[in-house]
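What follows is one structure encoded as C-alpha coordinates, with my remarks underneath.
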Amino acid sequence: IPFVCDKHIKSIDIFDPRFSLPIEKCVGKRVVTINRKGKFLFFEFFDGSSLLAHLGMTGHFSCTTSRENFPHQRILFTLSEGYLIYCDQRKFGRFRYLEPEQKNQCLCELGVDPLSREYTFDLWNALLSPRKEKIKSFLMNQKYISGIGNIYASEILFRSGIHPEKRVDVLTEQEQKDLFRVIPEVLNQAICFEGTTIRDYQHSDGTTGSFQDELLVYGKEGELCPVCGTPLERIKISSRSTYFCPVCQNIKK
(Lines give C-alpha, C1' and ligand atoms only; values in the text may rest on other atoms or scores of the structure.)
Protein backbone atom coordinates (compact mmCIF):
# COMPACT_ATOMS: atom_id res chain seq x y z
CA ILE A 1 0.00 0.00 0.00
CA PRO A 2 2.01 3.03 -1.19
CA PHE A 3 -0.21 5.32 0.91
CA VAL A 4 1.36 3.91 4.10
CA CYS A 5 5.02 3.67 3.12
CA ASP A 6 7.49 6.14 4.64
CA LYS A 7 4.92 7.33 7.20
CA HIS A 8 5.04 7.10 10.99
CA ILE A 9 2.35 5.53 13.16
CA LYS A 10 1.23 8.28 15.52
CA SER A 11 -1.47 6.34 17.41
CA ILE A 12 -3.55 3.17 17.25
CA ASP A 13 -7.19 2.84 18.31
CA ILE A 14 -8.56 -0.70 18.74
CA PHE A 15 -12.36 -0.93 18.69
CA ASP A 16 -12.68 -4.70 19.20
CA PRO A 17 -10.76 -6.63 21.91
CA ARG A 18 -10.32 -9.60 19.57
CA PHE A 19 -7.72 -7.58 17.71
CA SER A 20 -4.91 -7.05 20.18
CA LEU A 21 -1.37 -5.89 19.50
CA PRO A 22 1.32 -4.13 21.55
CA ILE A 23 0.43 -0.53 20.73
CA GLU A 24 3.44 0.87 22.57
CA LYS A 25 5.83 -1.07 20.32
CA CYS A 26 4.20 0.12 17.09
CA VAL A 27 3.56 3.79 17.85
CA GLY A 28 6.37 5.99 16.60
CA LYS A 29 7.61 3.42 14.09
CA ARG A 30 8.09 4.38 10.44
CA VAL A 31 6.73 1.96 7.83
CA VAL A 32 9.49 1.38 5.27
CA THR A 33 7.64 -1.01 2.99
CA ILE A 34 4.99 -3.74 2.93
CA ASN A 35 5.90 -7.26 1.84
CA ARG A 36 3.71 -10.29 1.23
CA LYS A 37 4.17 -14.03 1.55
CA GLY A 38 1.11 -16.07 0.72
CA LYS A 39 -1.82 -14.71 2.72
CA PHE A 40 0.35 -12.67 5.09
CA LEU A 41 1.28 -8.99 4.90
CA PHE A 42 4.39 -7.70 6.67
CA PHE A 43 4.44 -3.99 7.53
CA GLU A 44 8.21 -3.50 7.74
CA PHE A 45 9.46 -0.90 10.24
CA PHE A 46 12.72 1.04 9.94
CA ASP A 47 14.31 -0.79 12.92
CA GLY A 48 13.83 -4.28 11.40
CA SER A 49 10.71 -5.19 13.37
CA SER A 50 7.38 -5.66 11.59
CA LEU A 51 3.65 -5.95 12.03
CA LEU A 52 2.17 -9.12 10.54
CA ALA A 53 -1.39 -8.96 9.23
CA HIS A 54 -3.62 -11.81 8.10
CA LEU A 55 -6.89 -10.54 6.65
CA GLY A 56 -8.94 -13.68 7.22
CA MET A 57 -12.03 -14.02 5.01
CA THR A 58 -13.47 -10.50 5.02
CA GLY A 59 -10.72 -8.26 6.38
CA HIS A 60 -9.52 -5.26 4.38
CA PHE A 61 -7.68 -1.99 4.81
CA SER A 62 -9.00 1.42 3.83
CA CYS A 63 -6.83 4.51 3.38
CA THR A 64 -8.17 8.01 3.90
CA THR A 65 -6.78 11.51 4.34
CA SER A 66 -9.46 12.44 6.90
CA ARG A 67 -10.78 10.50 9.86
CA GLU A 68 -13.93 8.60 8.90
CA ASN A 69 -16.06 5.80 10.30
CA PHE A 70 -16.28 2.64 8.19
CA PRO A 71 -18.59 -0.38 8.55
CA HIS A 72 -17.06 -3.14 10.70
CA GLN A 73 -14.15 -0.90 11.69
CA ARG A 74 -11.81 -2.76 14.07
CA ILE A 75 -8.51 -0.83 14.16
CA LEU A 76 -7.61 2.74 13.31
CA PHE A 77 -3.97 3.60 12.59
CA THR A 78 -3.36 7.34 12.69
CA LEU A 79 -0.36 8.06 10.47
CA SER A 80 1.87 11.10 10.17
CA GLU A 81 -0.26 11.83 7.10
CA GLY A 82 -3.70 10.27 6.84
CA TYR A 83 -5.32 7.20 8.35
CA LEU A 84 -5.24 3.44 7.79
CA ILE A 85 -8.41 1.63 8.87
CA TYR A 86 -8.76 -2.13 9.25
CA CYS A 87 -12.33 -3.43 8.77
CA ASP A 88 -13.42 -7.03 9.22
CA GLN A 89 -17.04 -8.21 9.22
CA ARG A 90 -16.44 -11.81 10.29
CA LYS A 91 -13.46 -11.04 12.57
CA PHE A 92 -11.18 -13.82 11.34
CA GLY A 93 -8.23 -11.52 10.68
CA ARG A 94 -5.31 -11.30 13.08
CA PHE A 95 -2.23 -9.20 13.81
CA ARG A 96 1.11 -9.92 15.43
CA TYR A 97 4.10 -7.73 16.24
CA LEU A 98 7.39 -9.38 15.26
CA GLU A 99 10.92 -8.65 16.33
CA PRO A 100 13.46 -9.30 13.52
CA GLU A 101 14.30 -12.82 14.73
CA GLN A 102 10.60 -13.65 15.14
CA LYS A 103 9.90 -12.55 11.59
CA ASN A 104 12.61 -14.85 10.23
CA GLN A 105 11.14 -17.77 12.16
CA CYS A 106 7.65 -16.92 10.91
CA LEU A 107 8.86 -16.86 7.30
CA CYS A 108 10.55 -20.23 7.74
CA GLU A 109 7.30 -21.74 9.05
CA LEU A 110 5.36 -20.60 5.97
CA GLY A 111 5.36 -22.76 2.87
CA VAL A 112 6.67 -21.69 -0.51
CA ASP A 113 4.84 -18.89 -2.28
CA PRO A 114 3.77 -20.32 -5.68
CA LEU A 115 4.33 -16.91 -7.29
CA SER A 116 7.96 -16.72 -6.15
CA ARG A 117 11.20 -17.92 -7.73
CA GLU A 118 11.50 -20.57 -5.01
CA TYR A 119 8.51 -22.39 -6.50
CA THR A 120 10.15 -25.09 -8.63
CA PHE A 121 8.97 -28.52 -9.71
CA ASP A 122 11.73 -30.22 -7.71
CA LEU A 123 10.54 -28.49 -4.54
CA TRP A 124 6.89 -29.22 -5.41
CA ASN A 125 7.69 -32.91 -5.94
CA ALA A 126 9.55 -33.07 -2.62
CA LEU A 127 6.56 -31.53 -0.81
CA LEU A 128 4.16 -34.07 -2.29
CA SER A 129 6.12 -37.30 -1.93
CA PRO A 130 5.64 -38.15 1.77
CA ARG A 131 2.06 -36.89 2.20
CA LYS A 132 -1.03 -39.06 2.57
CA GLU A 133 -3.73 -36.47 3.31
CA LYS A 134 -6.44 -35.39 0.91
CA ILE A 135 -5.14 -33.10 -1.82
CA LYS A 136 -7.65 -30.34 -0.92
CA SER A 137 -6.36 -30.24 2.66
CA PHE A 138 -2.77 -30.29 1.42
CA LEU A 139 -3.30 -27.31 -0.86
CA MET A 140 -4.76 -25.23 1.96
CA ASN A 141 -2.05 -26.05 4.50
CA GLN A 142 0.04 -22.87 4.67
CA LYS A 143 3.04 -24.85 5.97
CA TYR A 144 3.38 -26.53 2.57
CA ILE A 145 2.27 -23.82 0.14
CA SER A 146 1.31 -20.32 1.20
CA GLY A 147 -1.46 -18.31 -0.36
CA ILE A 148 -4.09 -20.87 -1.42
CA GLY A 149 -7.50 -20.37 0.23
CA ASN A 150 -10.70 -22.37 0.02
CA ILE A 151 -12.06 -20.75 -3.14
CA TYR A 152 -8.85 -21.10 -5.12
CA ALA A 153 -8.27 -24.70 -3.94
CA SER A 154 -11.60 -25.77 -5.48
CA GLU A 155 -10.83 -23.93 -8.71
CA ILE A 156 -7.30 -25.35 -8.95
CA LEU A 157 -8.50 -28.93 -8.48
CA PHE A 158 -11.29 -28.57 -11.04
CA ARG A 159 -8.95 -27.12 -13.65
CA SER A 160 -6.51 -29.94 -12.93
CA GLY A 161 -9.21 -32.63 -13.15
CA ILE A 162 -8.45 -33.99 -9.67
CA HIS A 163 -11.03 -35.07 -7.08
CA PRO A 164 -10.60 -33.04 -3.87
CA GLU A 165 -10.63 -36.20 -1.72
CA LYS A 166 -7.88 -37.95 -3.66
CA ARG A 167 -4.85 -38.70 -1.49
CA VAL A 168 -1.62 -36.89 -2.26
CA ASP A 169 0.47 -40.06 -2.35
CA VAL A 170 -1.62 -41.62 -5.15
CA LEU A 171 -1.49 -38.68 -7.54
CA THR A 172 -0.17 -39.64 -10.96
CA GLU A 173 2.92 -37.97 -12.36
CA GLN A 174 0.74 -36.09 -14.84
CA GLU A 175 -1.58 -34.88 -12.05
CA GLN A 176 1.42 -33.60 -10.12
CA LYS A 177 2.60 -31.69 -13.19
CA ASP A 178 -0.87 -30.33 -13.87
CA LEU A 179 -1.23 -29.04 -10.31
CA PHE A 180 2.22 -27.45 -10.40
CA ARG A 181 1.23 -25.55 -13.55
CA VAL A 182 -2.36 -24.65 -12.61
CA ILE A 183 -1.68 -23.29 -9.09
CA PRO A 184 0.18 -20.13 -10.21
CA GLU A 185 -2.12 -19.79 -13.24
CA VAL A 186 -5.22 -19.51 -11.03
CA LEU A 187 -3.55 -17.20 -8.50
CA ASN A 188 -2.18 -14.93 -11.23
CA GLN A 189 -5.59 -14.81 -12.90
CA ALA A 190 -7.17 -13.86 -9.57
CA ILE A 191 -4.61 -11.07 -9.17
CA CYS A 192 -5.36 -9.79 -12.68
CA PHE A 193 -9.05 -9.60 -11.72
CA GLU A 194 -8.09 -7.99 -8.38
CA GLY A 195 -9.38 -10.78 -6.17
CA THR A 196 -12.71 -12.42 -5.46
CA THR A 197 -15.55 -10.45 -3.88
CA ILE A 198 -18.01 -13.04 -2.55
CA ARG A 199 -19.34 -11.00 0.38
CA ASP A 200 -17.83 -7.64 1.24
CA TYR A 201 -14.15 -7.86 0.30
CA GLN A 202 -12.74 -4.66 -1.11
CA HIS A 203 -9.42 -2.93 -1.74
CA SER A 204 -7.98 -0.04 0.24
CA ASP A 205 -9.52 2.41 -2.26
CA GLY A 206 -13.02 0.92 -1.89
CA THR A 207 -13.05 -1.00 -5.20
CA THR A 208 -13.94 -4.69 -5.34
CA GLY A 209 -12.45 -7.67 -7.14
CA SER A 210 -14.11 -9.45 -10.07
CA PHE A 211 -12.57 -12.95 -10.13
CA GLN A 212 -15.89 -14.29 -8.82
CA ASP A 213 -17.14 -13.85 -12.40
CA GLU A 214 -14.43 -16.25 -13.59
CA LEU A 215 -15.12 -19.03 -11.06
CA LEU A 216 -15.95 -22.34 -12.71
CA VAL A 217 -17.15 -24.41 -9.74
CA TYR A 218 -16.96 -22.58 -6.41
CA GLY A 219 -20.40 -21.74 -5.03
CA LYS A 220 -22.14 -23.44 -7.97
CA GLU A 221 -23.61 -26.58 -6.39
CA GLY A 222 -26.32 -28.01 -8.65
CA GLU A 223 -25.30 -25.93 -11.66
CA LEU A 224 -24.01 -27.70 -14.76
CA CYS A 225 -20.31 -28.38 -15.18
CA PRO A 226 -18.91 -25.99 -17.82
CA VAL A 227 -16.98 -28.89 -19.38
CA CYS A 228 -19.26 -31.96 -19.37
CA GLY A 229 -22.69 -30.65 -18.26
CA THR A 230 -22.94 -32.82 -15.13
CA PRO A 231 -24.46 -31.12 -12.05
CA LEU A 232 -21.72 -29.86 -9.77
CA GLU A 233 -21.56 -31.20 -6.21
CA ARG A 234 -20.51 -29.88 -2.82
CA ILE A 235 -18.88 -31.77 0.05
CA LYS A 236 -17.20 -30.75 3.30
CA ILE A 237 -13.46 -31.32 3.75
CA SER A 238 -11.94 -30.12 7.01
CA SER A 239 -15.23 -28.29 7.68
CA ARG A 240 -14.88 -26.24 4.47
CA SER A 241 -17.27 -26.37 1.51
CA THR A 242 -15.64 -27.93 -1.53
CA TYR A 243 -17.14 -27.82 -5.04
CA PHE A 244 -16.32 -30.24 -7.84
CA CYS A 245 -17.58 -32.15 -10.87
CA PRO A 246 -18.06 -35.89 -10.13
CA VAL A 247 -17.30 -36.76 -13.76
CA CYS A 248 -14.40 -34.48 -14.69
CA GLN A 249 -12.88 -35.08 -11.26
CA ASN A 250 -13.69 -38.76 -10.86
CA ILE A 251 -11.73 -40.05 -7.88
CA LYS A 252 -11.16 -43.39 -9.62
CA LYS A 253 -9.29 -41.82 -12.50
Side-chain angles (χ1 to χ4, degrees), residues 1-116 118 140-143 145-149 187 190-191 194-195 200-207 209:
I1 308 174
F3 180 89
V4 178
C5 292
D6 208 31
K7 294 177 182 174
H8 289 80
I9 298 177
K10 294 178 64 177
S11 64
I12 300 175
D13 295 296
I14 299 177
F15 307 113
D16 190 312
R18 293 194 192 192
F19 300 93
S20 62
L21 54 93
I23 294 175
E24 69 282 355
K25 291 186 177 182
C26 298
V27 170
K29 298 288 181 72
R30 177 169 60 89
V31 181
V32 178
T33 188
I34 302 174
N35 291 315
R36 179 197 64 81
K37 185 171 184 181
K39 297 181 176 183
F40 296 86
L41 294 177
F42 294 84
F43 290 75
E44 309 281 1
F45 298 134
F46 73 98
D47 63 352
S49 62
S50 57
L51 180 64
L52 177 149
H54 186 291
L55 303 183
M57 294 179 66
T58 58
H60 64 271
F61 288 103
S62 293
C63 302
T64 177
T65 55
S66 59
R67 183 161 180 166
E68 302 176 34
N69 291 321
F70 288 80
H72 314 297
Q73 179 174 290
R74 308 300 175 193
I75 304 177
L76 170 68
F77 298 86
T78 300
L79 308 176
S80 50
E81 293 180 48
Y83 302 86
L84 178 69
I85 302 96
Y86 177 72
C87 303
D88 193 343
Q89 180 180 7
R90 301 189 68 183
K91 305 181 183 182
F92 290 151
R94 61 186 185 273
F95 291 79
R96 182 184 172 193
Y97 178 84
L98 302 173
E99 299 290 357
E101 62 275 11
Q102 292 175 310
K103 178 196 168 186
N104 292 333
Q105 180 181 355
C106 181
L107 288 172
C108 290
E109 292 172 353
L110 287 175
V112 63
D113 187 322
L115 302 182
S116 70
E118 288 74 30
M140 293 184 61
N141 190 326
Q142 303 301 302
K143 292 183 179 180
I145 307 170
S146 57
I148 301 177
L187 295 181
I191 290 172
E194 301 185 323
D200 69 341
Y201 170 76
Q202 63 184 42
H203 305 294
S204 58
D205 61 358
T207 60

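In this text the structure is predicted, and so the values were computed from the model without any measurement.
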Using a 3.5 Å cut-off and no angle test, enumerate the donor-acceptor pairs between side-chain atoms of residues 13-22 and protein atoms at least two apart in sequence or in another chain.
residue	atom	partner	partner atom	Å
D16	OD1	R18	N	2.9
D16	OD2	K91	NZ	3.1

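- In terms of heavy atoms, F70 sits closest to C87 at CB-SG, 3.5 Å.
- With sequence neighbours left out, T65 forms a side chain to side chain contact (heavy atoms under 4.5 Å, CB included) with F3.
- Atom NE2 of H8 is separated from atom CZ of F46 by 6.5 Å, given to the nearest 0.5 angstrom.
- For the pair S116 and V112, the tightest heavy-atom approach, listed with the atom from each and the gap, is OG-CG2, 4.0 Å.
- We find the NE2-OH distance between H60 and Y86 to be 9.0 Å, quoted to the nearest 0.5 Å.
- Looking at every heavy atom in both residues, K10 comes nearest to L79 through CD-O, 3.3 Å.
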Can T58 and F92 be said to form a side-chain contact (heavy atoms from CB on, under 4.5 Å), step by step?
-> CA-CA 7 Å; T58 58; F92 290 151; over 6 Å; no
Only pairs under 3.5 Å count here: list side-chain donor-acceptor contacts from residues 29-44, not counting sequence neighbours, and write none if there are none.
residue	atom	partner	partner atom	Å
K29	NZ	K25	O	3.0
K29	NZ	D47	OD2	3.0
K29	NZ	S49	OG	3.2
K29	NZ	Y97	OH	2.8
R30	NH1	D6	OD1	3.0
N35	ND2	E44	OE2	3.3
R36	NH1	G38	O	3.0
R36	NH1	D113	OD2	2.9
R36	NH2	D113	OD2	3.0
K37	NZ	L107	O	3.1
K37	NZ	L110	O	3.4
E44	OE1	K103	NZ	3.1
E44	OE2	K103	NZ	2.6

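- To the nearest 0.5 Å, atoms CD1 (I12) and SG (C26) are separated by 4.5 Å.
- When all heavy atoms are compared, the tightest approach of C106 to L98 is CB-CD1, 4.4 Å.
- With rounding to the nearest 0.5 Å, the separation of NE2 in H72 from CD in Q89 is 4.0 Å.
- Atoms CG and CZ, on L55 and R94 in that order, are 10.5 Å from each other to the nearest 0.5 Å.
- Between F77 and F61, the ring planes lie tilted relative to each other; the angle falls in the 30° to 60° range.
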Working for side-chain contact (heavy atoms from CB on, under 4.5 Å), residues I191 and L115 = CA-CA 11 Å; I191 290 172; L115 302 182; 3.4 Å; yes
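- E68 CD to I85 CD1: the interatomic distance, rounded to the nearest 0.5 Å, is 7.0 Å.
- A donor and an acceptor atom, one from each side chain of E101 and Q105, are nowhere located under 3.5 Å apart.
- Between S146 and G111, the shortest heavy-atom contact is OG-O, 3.0 Å.
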